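Take a look at the structure below.
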Amino acid sequence: MRRLFATVVLGSSLALAACGGDGESSLIGYVPPSVKDVSSASVNEVTDSGNNPFVFKAAAGELLVVYFGYTHCPDLCPTTLAAVRSAKRDIGADLAARVDLAMVTVDPERDTDEILPKYLSSFSERYHALIPTSDEELKAAEALFQASSSVTKDAATGEVKVGHSATAYVVNDMGRVVVEWPYGLEAESMAKDLRLLFEQQA
Amino acid sequence: MKKTAKALVALGAVASLTLATTACSDSSSDSTDTTEATTAEYTIEGQWARTSPTAADTGAAYMTITSSVDDALVDVSVDASVAKMAQIHEMVMASDSSDMSSDTTMGDSDMGEMVMQEVDEIELPAGKAVALKPGGYHIMMMELVTPLKAGTSIVVTLTFKSGATKTVTVPVMDEAPSM
C-alpha cells in the first residue's frame with residue numbers, strides 16, 4: 001500500500017513536471033513558473049585549500065547542478081547523482097565539461113570534510129562539497145530552492161533518520177534555477193534538458 | 001498447518017532441493033514435484049547492487065522476486081565481510097507515516113520530503129513479480145566493510161516467511177541493468 005502511494009506521488013510529480021514547461025521551451029524537467037534566484041545565499045564549501053562561502057551560480061556559460069542530500073543515503077542520492085553522471089556522459093565531453101555539481105549535505109554532523117568531497121568525486125570530476133556550518137545556513141539555502149530536510153536521531157538507538165526533498169536543481173550563470181529534476185527522472189531526460197539549455201544559451 | 005515436525009523436515013528437504021534445482025536452471029519447471037503443493041519456488045531476476053560512492057558507509061541492492069506461493073520476504077543478510085548489517089527498507093514520503101488515500105497531494109511543484117524506513121516484510125503474492133528498485137524497496141547494507149566495486153559481486157541471503165532461504169549472487173554495477 002505504502003509502496004503504491006510512493007509510486008503514485010512520483011508518477012504524478014513527473015506528470016506535473018512534464019506539463020510545467022508550457023511555452024516555447026520543451027524542457028522535460030519542471031520549470032519554475034516565476035524567477036527563482038538562488039544566488040543570494042551561500043553555503044560553506046570545503047576545499048583542499050580551505051573553506052569558502054559558495055554562491056549558487058554557475059560560471060559564465062556553464063550550468064550548475066545542485067542537490068541536497070547526505071552520504072548515508074543508499075538509494076535516492078546515488079540514484080540521482082549517477083543519473084546526472086550518465087547524462088553528462090550522454091551529452092559529450094565538451095558540453096559535460098561545462099556542467100558543474102554542488103551537493104549540500106543536509107546531515108553535516110556525519111558528512112564531514114573528510115567524507116563529502118570523496119563521495120562527490122565518485123560522480124563528477126568537478127564538484128563543490130557544501131557543508132553548512134549552522135542549521136540557519138542550511139535552512140536559508142533550502143528556502144531559496146524551496147527544498148527541505150529533517151534529521152532526527154532516535155535517542156534510544158542512536159539511529160539517524162533523514163528526510164529530504166530529492167529534487168536536483170539546474171542553476172545558470174545568473175544564479176537562477178532554470179529547471180528542476182524530480183526524483184526518478186531518467187538520465188536520458190536530464191541529457192536532453194542539458195543539451196537544450198546549452199542551445200538556448202548559445 | 002497440522003504437520004508433524006518430521007513432515008516439516010521432509011518438506012524443508014524438498015524445498016531446498018527445489019531451490020538448488022532452480023538455481024542451476026531458469027528453464028521449465030517440468031521437473032517440479034507438483035504433488036507437493038506447498039513447496040515454494042522463488043525466482044530472482046535483475047539483481048544488482050549499486051557501486052558504493054567513495055567514502056560511503058551504506059549500499060543498496062535491488063532485484064525482482066517472484067514466489068510460486070503466497071509468501072513474504074522477512075529478512076536479508078550479507079556476509080560480514082561485506083557489511084555489518086542488512087535490512088529491508090523502503091522509501092516513502094515523509095507525510096506518509098499513516099495511510100493516505102489521496103493521490104492529489106502534489107499541490108505544487110515541489111516534492112515533499114522522502115524518508116527511508118525499515119520494513120518488517122515485503123509481501124510476495126503467489127506468482128506476482130515484486131520489484132525492489134530505486135525509489136521503492138531496497139536491501140540496505142549498513143556499515144560497509146569494503147566498498148562495493150563495479151565488476152565484483154556480493155552474496156545476499158533472503159529469508160522467507162515460509163522459513164525457506166535463498167542465496168543470490170548480486171553483481172555490483174554503476175547503473176541499473178537494462179531489463
Side-chain angles (χ1 to χ4, degrees), chain A residues 1-13 15-17 20 30-33 71-83 85-86 106 110-112 114-123 145-150 152 159 161-167 180 182-184 187, chain B residues 49-62 83 87 89-119 122-123 130-144 147-148 173-176:
Chain A
M1 193 56 203
R2 290 236 172 102
R3 166 90 186 83
L4 186 68
F5 173 79
T7 311
V8 166
V9 170
L10 286 174
S12 65
S13 108
L16 227 140
Y30 175 80
V31 179
T71 71
H72 282 72
C73 165
D75 186 41
L76 297 189
C77 309
T79 299
T80 300
L81 294 172
R85 181 178 60 196
S86 292
V106 300
R110 290 188 295 174
D111 288 340
T112 60
E114 288 297 304
I115 291 172
L116 190 60
K118 282 186 191 149
Y119 182 85
L120 289 171
S121 70
S122 293
F123 298 103
F145 286 90
Q146 291 166 275
S148 66
S149 66
S150 58
T152 48
E159 192 189 329
K161 199 164 194 174
V162 179
H164 63 125
S165 49
T167 300
E180 300 180 3
Y183 173 75
Chain B
R50 189 183 293 285
T51 310
S52 62
T54 314
D57 192 36
T58 59
Y62 308 97
Q87 291 178 345
H89 279 216
E90 73 176 329
M91 299 307 307
V92 291
M93 300 301 294
S95 55
D96 188 33
S97 49
S98 61
D99 258 14
M100 295 180 71
S101 52
S102 167
D103 63 354
T104 56
T105 51
M106 292 301 302
D108 55 41
S109 69
D110 283 277
M111 296 275 302
E113 285 179 29
M114 295 192 76
V115 291
M116 187 169 68
Q117 65 184 27
E118 190 181 0
V119 291
I122 298 176
E123 270 186 60
V130 175
L132 281 64
K133 61 181 184 184
Y137 291 121
H138 59 269
I139 293 167
M140 177 169 176
M141 290 165 272
M142 281 160 285
E143 297 184 55
L144 288 177
L148 303 178
M173 304 173 157
D174 283 342
E175 312 283 343

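Computed from a prediction, not measured in an experiment: that's the story for all the values here. The chains referred to below are lettered A, B, ... by the order of the sequence lines, with proteins before strands, and numbering in each begins at 1.
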If you take all heavy atoms of [X] and [Y], which pair is closest and at what distance?
X: B:Glu113; Y: A:Ser150; answer: OE1-OG, 2.9 Å
X: B:Gly135; Y: A:Asp75; answer: N-OD2, 2.9 Å
X: A:Tyr119; Y: B:Ala55; answer: N-CB, 4.4 Å
X: B:Val115; Y: A:Val162; answer: CG1-O, 3.6 Å

Could you measure the distance from the [atom1] atom of [X] to the [atom2] atom of [Y]? Nearest 0.5 Å is fine.
X: B:Met114; Y: A:Ser149; atom1: CE; atom2: OG; answer: 15.0 Å
X: B:Lys133; Y: A:Thr79; atom1: NZ; atom2: OG1; answer: 12.0 Å
X: A:His72; Y: B:Thr58; atom1: NE2; atom2: OG1; answer: 6.5 Å

Pairs of heavy atoms under 4.5 Å with chain B: top-ranked of A:Leu76, A:Leu116, A:Thr71: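 Most heavy-atom pairs under 4.5 Å with chain B: A:Leu76.
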
Check: A:Ser122 main-chain N/O paired with B:Thr54 side-chain donor or acceptor under 3.5 Å: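 No.
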
Validation row: B:Gln117, A:Lys161 side chains within 4.5 angstrom (heavy atoms): yes

B:Met116 vs A:Pro74 side-chain heavy atoms within contact, under 4.5 Å: yes

For B:Glu175, salt bridge (Lys or Arg N to Asp or Glu O under 4.0 Å) partners two or more places apart: A:Arg85

